[in-house]
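Structure record follows, encoded as structure tokens.
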Amino acid sequence: MNPFAQAFGFLHWIGISHYLNLLLVGFMVRSGLEILSAHPKLYWRDDCNPGSEWLRLSRKKMPADRLWTGADEETAFSSFIALPGRRNLGMGRHWHFFCAIFWILNGLVYVGLLFGTGQWRRLVPTSWGLFPEAARDVWTYLHFHAPPAGHPYNAIQQLTYASVVFVLAPLLMLTGAAMSPAVAARFPWYVRLFGGRQPARSIHFLSLVAMVAFTFVHVLLVAVEDFPRNMAWIIHGDYSSERVAVWIGVAGLGVVLVLHVWATLFSLKHRRSVQRWLGWVIEPMRRALLHHVTSRQRYTEDDISPFFRVNGYPPASAEYQRLAERGFIEWRLSVGGLVEAPLELSLADLRALPKQTQITKHHCIQGWSAVGEWAGVAVAEMLDRCRPLPSARYLVLRGFDELDGRGYYETIDLELARHPQTLLAYEMNGAPLPIPHGAPCRLRVETQLGFKMVKYLRSIELVEDYHQLGDGQGGFREDTQFYGQEAGI
């Protein structure tokens with residue numbers, strides 16, 4: 001080993017990174033399944049037409065005789081496989097993004113040490129002769145025999161490890177980014193590299209399956225080929241002190257198991273604490289990377305989805321029903337709070353303002369997507385007319401709908417509100433906005449997930465701080481389902 005490698009204890013770091021990787025990948029797989037349970041269907045097209053899924057992990061079928069929302073398709077996965085399970089999408093997202101940050105950091109340190117110490121030759125193929133040798137190794141394994149050991153890996157092991165480190169892991173990161181509405185809005189070309197958001201989601205899932213398969217086979221081979229010798233190499237970097245290495249290795253696996261059990265039970269019992277604690281790490285990272293990007297989507301009419309799901313049922317209040325029956329003639333949108341000139345806008349008033357039309361892709365937090373044409377008034381236009389006071393920082397948007405006895409609301413800051421494609425939409429696909437999609441008016445923020453885009457709008461209030469509203473988390477979903485306030489991914 002060269003002096004640099006020895007100084008950094010490289011081979012000891014191999015052992016540490018093995019267990020960190022096992023822990024973090026396990027958490028991401030389980031939390032990924034929790035995210036998948038919110039829409040347990042996978043597609044190769046972004047319009048997500050019912051029946052077009054290539055994989056369905058639910059027995060639920062969309063009926064044709066009544067309104068069926070995205071939430072109706074959600075399935076409760078067991079806590080034995082999902083983190084934390086039991087329909088906790090918010091918790092699953094927090095754990096997934098939290099672990100992804102440290103998994104990427106662990107991988108960067110590992111690859112840096114790999115090349116900094118010259119140990120990359122253990123993984124990266126340097127001769128074409130390795131490939132026929134790998135084929136012979138596979139043949140040997142198929143006959144339930146172990147091929148001769150390499151230095152330290154045989155040919156198929158070296159190729160597999162290199163593929164996991166330099167192909168599979170980057171593919172997981174790249175497809176994960178392609179599912180971000182902020183990335184998709186700012187860089188539509190990037191999403192097209194994978195064929196669209198849903199193909200990226202499918203590839204992400206298949207990569208997850210490949211990672212699970214690799215982990216299972218890798219652990220199996222470590223155990224059956226020569227467990228004490230293999231553990232000594234992983235823990236010490238040589239073949240000495242095998243008994244000590246076995247004890248350390250088994251203890252490490254025990255710690256990983258205990259942490260999985262603890263994370264599951266703690267998340268189910270203390271969801272607000274998990275939201276806050278993990279959010280302290282996740283939210284600043286998401287804000288720095290995604291909050292400031294603006295949408296540059298320019299889809300065509302040919303891209304408009306023939307089917308566009310809804311999420312949530314129309315308001316059941318007598319007030320809303322009366323407004324709907326009269327074609328929303330009496331509806332008024334109040335704009336107040338920290339403004340110089342409060343507004344009271346009818347639907348006719350909105351239509352009299354400069355009209356903006358855009359064809360964009362909708363990203364639901366549950367996983368489905370669709371492309372639609374929206375027309376309305378830019379929120380920036382409305383802000384210019386009401387003139388926010390210097391102390392105003394957030395818009396509080398409230399709808400007519402109520403869930404669990406609470407009025408629906410969400411908050412966005414002034415930066416998001418002034419994005420060029422942030423819209424108060426009163427038309428969809430060239431017609432008045434349908435009731436299931438939020439009539440008479442809804443918000444569109446094209447770099448955010450769908451739950452931020454309040455439907456059935458009744459008021460907009462500008463405030464300095466949102467922590468005094470509801471449970472202080474910035475929105476109905478954040479308050480009750482523990483979502484993150486940043487919704488760019």
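We're numbering straight along the sequence, starting at 1.
- With hydrogens and angles disregarded, a donor-acceptor distance shorter than 3.5 Å links the side chain of Tyr190 to the backbone of Leu174.
- Here the side chain of Ser305 pairs a donor or acceptor atom with the backbone of Val371 at under 3.5 angstrom.
- Proximity of Leu67 to Tyr313: side-chain heavy atoms (C-beta onward) are separated by under 4.5 Å at one or more points.
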Check the pair Arg332, Glu344 against salt bridge (charged side-chain N to carboxylate O under 4.0 Å, His left out), reporting the backbone distance first and the verdict last.
CA-CA 6 Å; Arg332 297 295 184 270; Glu344 191 87 4; 5.7 Å; no
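- More than 12 non-hydrogen atoms from other residues, nucleotides or ligands lie less than 6.0 angstrom from CZ of Arg56.
- Residue Gln468 places its CD atom among 12 or fewer non-hydrogen atoms of other residues, nucleotides or ligands, all under 6.0 Å distant.
- Within the 4.5 Å cutoff, no side-chain heavy atoms of Leu345 are placed close to those of Val377.
- Looking at Glu340, its side chain never comes within 3.5 Å of a backbone N or O of Pro388 through a donor-acceptor pair.
- For Arg309 and His362, the side-chain atoms include no donor-acceptor pair closer than 3.5 Å.
- In this structure, the side chain of Glu53 engages the main chain of Gly51 through a donor-acceptor pair within 3.5 Å.
- Within a 6.0 Å sphere centred on CZ of Arg59, other residues, nucleotides and ligands contribute 12 heavy atoms or fewer.
- Look at Glu73 and Lys60 and you find no salt bridge, because none of the NZ, NE, NH1 or NH2 atoms lies under 4.0 Å from a carboxylate O.
- At distances below 3.5 Å, at least one donor-acceptor pair connects side-chain atoms of Glu34 with backbone N or O atoms of Gly85.
- The only option from Gln485, Glu478, Arg393, Glu461 that meets the side chain to side chain donor-acceptor pair (under 3.5 Å) definition with Thr411 turns out to be Gln485.
- Ring geometry, Phe476 versus Tyr408: the interplanar angle falls from 30° to 60°, so the pair is classed tilted.
- Between the side chains of His419 and Glu446, no donor-acceptor pair is found at a separation under 3.5 Å.
- Contact of the Trp374 side chain with the Ile359 side chain is not registered, since no non-hydrogen atoms from C-beta on lie closer than 4.5 Å.
- A distance-only check finds no donor-acceptor pair linking the side chain of Asp384 to the backbone of Met382 [under 3.5 Å].
- Of the N and O atoms on the side chains of His437 and Arg442, not one donor lies less than 3.5 Å from an acceptor on the other residue.
- The main-chain N or O of Leu457 is found under 3.5 Å from a side-chain atom of Trp331 such that the two form a donor-acceptor pair.
- Shown here is Met173, whose CE atom has more than 12 heavy atoms of other residues, nucleotides or ligands within 6.0 Å.
- The shortest side-chain heavy-atom distance between Asp46 and Pro199 falls under the 4.5 Å cut-off.
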Please assess Asp413 against Arg287 for the test salt bridge (charged side-chain N to carboxylate O under 4.0 Å, His left out), listing each intermediate value before the final yes or no.
CA-CA 12 Å; Asp413 65 13; Arg287 185 174 183 86; 3.1 Å; yes
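- Ion pairing between a basic and an acidic side chain is recognised when a charged N comes within 4.0 Å of a carboxylate O; Glu381 and Arg385 show such pairing.
- Between Asn21 and Trp103 the shortest side-chain heavy-atom distance falls below 4.5 Å.
- Using a cutoff of 4.0 Å between basic side-chain nitrogens and carboxylate oxygens, Arg272 and Asp471 are scored as salt-bridged.
- Judged by distance alone, with hydrogens and angles left aside, the side-chain atoms of Asn311 form a donor-acceptor pair with the main-chain N or O of Ala71 at under 3.5 Å.
- With 3.5 Å as the limit, one finds a donor-acceptor pair spanning the side chains of Gln198 and Ser369.
- A distance-only check finds no donor-acceptor pair linking the side chain of Asp479 to the backbone of Gly470 [under 3.5 Å].
- Using a 4.5 Å heavy-atom threshold, the side chains of Val165 and Leu123 count as touching.
- Under the 3.5 Å distance criterion, the side-chain polar atoms of Glu410 are left unmatched by any main-chain donor or acceptor of Leu395.
- In Trp44, the CH2 atom is crowded: over 12 heavy atoms of neighbouring residues, nucleotides or ligands sit closer than 6.0 Å.
- Looking only at atom types and distance, the side chain of His291 has a donor-acceptor partner in the side chain of Glu486 under 3.5 Å away.
- Residues Glu373 and Gln358 have side chains that never bring a donor and an acceptor to within less than 3.5 angstrom of each other.
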Applying salt bridge (charged side-chain N to carboxylate O under 4.0 Å, His left out), run through Asp47 and Arg45 and close with a yes or a no.
CA-CA 6 Å; Asp47 49 29; Arg45 288 180 56 87; 3.2 Å; yes
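- A ring-ring contact (aromatic ring centres under 6.0 Å, His included) with Phe328 is found for one member of Phe400, Tyr456, Tyr320 and no other, namely Tyr320.
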